[in-house]
Amino acid sequence: MLRALHKFPGLIAALLIVVMTLSGAVLSVLPALEAVQAPAQPDLTLTVATLADRIGIAYPGVEQIRRAPSGQVTAFYFDAGQPGAVIIDPATGVGVRNYEPSAFQRWVTNLHRSLFLDDAGRLTAAAGAASLLVLSISGMMLTLRRVGGWRRFFSRLRGPLMGRLHVEVARVTVAGLLLSSATALFMTASTFDLLPQGSTPAFPAAVSGQTGAVPGMMALLRDTPVDSLRELTFPYPDDPTDVYMLKTNTGEGYLDQGTGEMLIWADAGAWQRFNETIYMLHTGQGMAWLGVILGLMVLGAPFMAATGVILWVQARRARPRIIGNIAAGQADTILLVGSEGGSTWGFAATLHAALTQAGQKVHAAPMSQFSPHRYSRAERVIVLAATYGEGTAPASAKGFLDRLSDLSNAPDIPLAVLGFGDRKFPEFCAYAFDVARKAEEKGWEQLLPVSTVDRQSPQQFARWGRDLGAALGQPLELAHSPAIPRSHALTLISRRDYGVEMQTPAAILRFAVPKDGLWARLAGRSLGRFSSGDLLGIVPEGSHVPRFYSLASGRSDGFVEICVSRHPGGLCSGQLIDLAVGDSVKGFVRHNPDFRPARGRKPVILIGAGTGIGPLAGFARTNHSGRPMHLYFGARHPDSDLFYGEEMQEWSTDGRLASATNAFSRTGARIYVQDALRNDAERIATLISEGAQVLVCGERSMAAGVADAMADILAPTGSTPAMLKAEGRYVEDTF
């Protein structure tokens, strides 16, 4: 519900919000410009009486004096029957330049307030402000759900770049967007008289009928400082029944033009002051610096509108459409999905279709929308949960375990949990097991024992489906074909072979970047942008499951490069190793934004072995700023397995690598990369104390050995690899 509340107003009102916020941003800087251009008032004790007398001498036909919140004083007058307006220097009462309202400002103001459509336009603009308010509140709540509460509101984000940019900008600008949209709605309601109006004094019923009093004779004007002046209106010439009208920031009233006495005065009430405060907060009038800040903040709205639409399009492509999704309150089967990249949703769609065909009413939703009180007719809950990173919740499952823990009693309908993961990783399906364990602690009845699917195996999914069907008392066949992202032809342009002498063939393969047209890039049909550390997905012939290889290059390098070694029985690695220059394979990019050097100038320790050197070499290749990067690389033998040997020398010479340490396990020394780390323990501990980040890439066994070595190195400092991981300073990419 919360995601829908955030998504649909944004999609429907995106263009309107962009127009409103851009025009509002332009208007926000005008009070600051006006304040800068306004003549200074050197005498802070200057009174309205003195100012009016000075202006009266310079402009005998003055009819009104206005002081803007910026401090700019403007006099409106008649001279020989012709109207005029000048900006006044308060020190002399003489105009410094003619007052000419900006046609551009009027145009932008009319666009912002009413879209040039009068009352209908004002209501449309109000609808845009309401949409922005809903988006701000729902977006803030979604962010809190994603990061885990207020205390972690500004914590480090993970996930694809576009999503992180969307949330990063939102976290910085949400306060300004909330304030601007709420005040805009208040001002619209006031414009249409939907709110109480401040009291205005009635025109005096009786005046002296005399004329001739000048402002300097009037006690009220002598006691009113110019700083509090809003407006002073002079009586109409030769009309003894007219009066002076004074407006200040404390109230307004009328003065007799013959005696100078105050006839009527009304203090500004609390509601009037509140209205004026709202106006000031929305426009920046009277607080120019706030206007500039709010203007900068609301510029985030067009950016978020653009990124939001892009994210929606990407999600639509990644997440299969589930046909016939029943409302939660009407469903007899609740299907909850925890997915990071979208593949688990494909399995959910297959299960949803099979259960629906079997006559069940099925409601599918993200695990983050877990709401047992809505499942009034449900007979079972099925959870399909992927695992992100080292056993943590995937994007669409944020908050599920917290909500489950907060329940006083477990739901009285049975639960089935199916985990998705890759058995090569130590935390295989760890999140799914956490869900099952927490459910068991709550006393939640299990429909089936927790089961797993390894590497998106359709066969394992089908076997689980048959077990589910047996538990439900009806046959259930799940024929799933995993969706493969759009692939692109990659042509091999060069290869460098290694490991032949050691009977472990490996190669650095460099492919040309596919040449895509502008429309393909705009439509998201190109290979897209990629960086070292991202993953290149290859679907080998004879398989439906992609294999992933860490990229050793970025888009700016002009080529796609990976390191590959032939694995015994490896279908994809064998096909890649057998490629000749000119051959092509189909591939796609999966972003891996967590595995790359953090921003800044702090040192980076790169640790890898074998083909794990790929992304580390990519990081070093693009380190043109000379950031301290220290490479530790493990291989079998320098004569056959020293990937990027020539480049290491070049990068060490030109400063892209601060140091490069190699460890060879098939020489007389028989040193592994973890041994090299221990030999350099003092320097590594110093680098860590200076804030260094550690990036490890290679086989899981190597990464485990490196973690043990780093634990020993850090022990005297009181730190551990786990502590660095929690800070985002120790990141692994293992296979």
Side-chain angles (χ1 to χ4, degrees), residues 319-328 330-339 342-367 369-372 374-387 394 396-397 400 404 410-423 428-440 442-483 544-545:
R319 178 171 165 176
R321 183 182 179 188
I322 296 181
I323 301 174
N325 200 30
I326 302 299
Q330 302 298 319
D332 48 37
T333 297
I334 303 298
L335 180 56
L336 300 176
V337 185
S339 179
S343 60
T344 308
W345 276 106
F347 288 91
T350 299
L351 177 58
H352 189 286
L355 291 172
T356 300
Q357 188 174 5
Q360 296 191 27
K361 297 179 180 180
V362 187
H363 171 75
M367 291 176 66
Q369 296 181 11
F370 176 55
S371 303
R374 298 170 57 207
Y375 310 151
S376 55
R377 299 186 181 180
E379 299 176 5
R380 66 197 63 86
V381 174
I382 301 174
V383 170
L384 306 186
T387 296
S396 69
F400 175 86
L404 179 56
D412 58 359
I413 52 178
L415 168 72
V417 178
L418 178 63
F420 292 80
D422 189 332
R423 197 172 293 279
F428 173 65
C429 292
Y431 180 71
F433 286 111
D434 286 344
V435 170
R437 183 168 51 255
K438 180 63 68 174
E440 185 177 2
K442 280 286 182 181
W444 197 344
E445 178 188 351
Q446 303 294 296
L447 178 64
L448 286 174
V450 62
S451 188
T452 60
V453 171
D454 181 29
R455 291 190 296 177
Q456 304 180 34
S457 168
Q459 295 81 10
Q460 293 180 14
F461 185 58
R463 284 197 295 271
W464 175 83
R466 288 191 285 273
D467 293 340
L468 177 63
L472 298 178
Q474 58 186 111
L476 191 64
E477 292 295 330
L478 302 179
H480 179 68
S481 297
H544 296 291
V545 180

Using a 4.5 Å cut-off on heavy atoms from C-beta on, say whether the side chain of [Y] contacts that of [X].
X: Leu476; Y: Leu351; answer: yes
X: Arg380; Y: Thr333; answer: yes
X: Phe461; Y: Gln456; answer: no
X: Pro366; Y: Trp345; answer: yes

Practice problem: Sequence neighbours left out, what passes side-chain hydrogen bond (donor to acceptor under 3.5 Å, both in side chains) with Thr452? Give chain and number order. | Solution: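 With sequence neighbours excluded, Thr452 shows a side-chain hydrogen bond (donor to acceptor under 3.5 Å, both in side chains) to no residue whatsoever.
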Quiz prompt | side-chain hydrogen bond (donor to acceptor under 3.5 Å, both in side chains) against Thr350, all qualifying residues, sequence neighbours excluded | solution =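 Counting only residues at least two positions away or on another chain, Thr350 forms a side-chain hydrogen bond (donor to acceptor under 3.5 Å, both in side chains) with His480.
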Nearest heavy atoms of [X] and [Y], plus distance in Å:
X: Cys429; Y: Gly421; result: SG-N, 3.6 Å
X: Pro394; Y: Gly338; result: CG-C, 3.5 Å
X: Gly443; Y: Ala410; result: C-CB, 4.1 Å
X: Val337; Y: Ser396; result: O-OG, 3.0 Å

Quiz prompt | Those residues that, when tested against Tyr431, pass ring-ring contact (aromatic ring centres under 6.0 Å, His included) (two or more places apart) | solution =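 So Tyr431 forms no ring-ring contact (aromatic ring centres under 6.0 Å, His included) with any residue.
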I'd like to check the salt bridge (charged side-chain N to carboxylate O under 4.0 Å, His left out) partners of [X]; sequence neighbours left out, ordered by chain and number.
X: Lys438; result: Glu441
X: Arg377; result: none
X: Asp332; result: none

Which distance, rounded to the nearest 0.5 Å, do you find between the [atom1] of [X] and the [atom2] of [Y]?
X: Ile382; Y: Ile334; atom1: CD1; atom2: CD1; result: 10.0 Å
X: Leu418; Y: Leu335; atom1: CG; atom2: CG; result: 10.0 Å
X: Phe428; Y: Thr387; atom1: CZ; atom2: OG1; result: 8.5 Å
X: Leu478; Y: Arg463; atom1: CG; atom2: CZ; result: 12.5 Å
X: Leu404; Y: Met367; atom1: CG; atom2: CE; result: 9.0 Å
X: Leu415; Y: Trp444; atom1: CG; atom2: CH2; result: 4.5 Å

Quiz item: How about Gln446: does its CD atom have over 12 heavy atoms from other parts shown lying under 6.0 Å from it?
Solution: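 Enclosed.
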Quiz item: Is the NZ atom of Lys361 crowded by more than 12 outside heavy atoms at less than 6.0 Å?
Solution: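 Atom NZ in Lys361 is not crowded, with 12 or fewer foreign heavy atoms closer than 6.0 Å.
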Exercise. Kindly say whether Gln460 contributes a backbone atom to a donor-acceptor pair with the side chain of Ser457 at under 3.5 angstrom?
Key: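 Yes; at least one donor-acceptor contact below 3.5 Å.
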Can you list the residues that meet the side-chain contact (heavy atoms from CB on, under 4.5 Å) rule with [X], with sequence neighbours excluded?
X: Ala353; result: none
X: Asn325; result: Ile322, His352, His363, Ala364
X: Glu445; result: Pro414

Please list every donor-acceptor pair under 3.5 Å in which a side-chain atom of residues 464-475 meets a protein atom from a residue at least two apart or in another chain.
residue	atom	partner	partner atom	Å
Gln474	OE1	Gln360	NE2	3.4
Gln474	NE2	Ala358	O	3.4

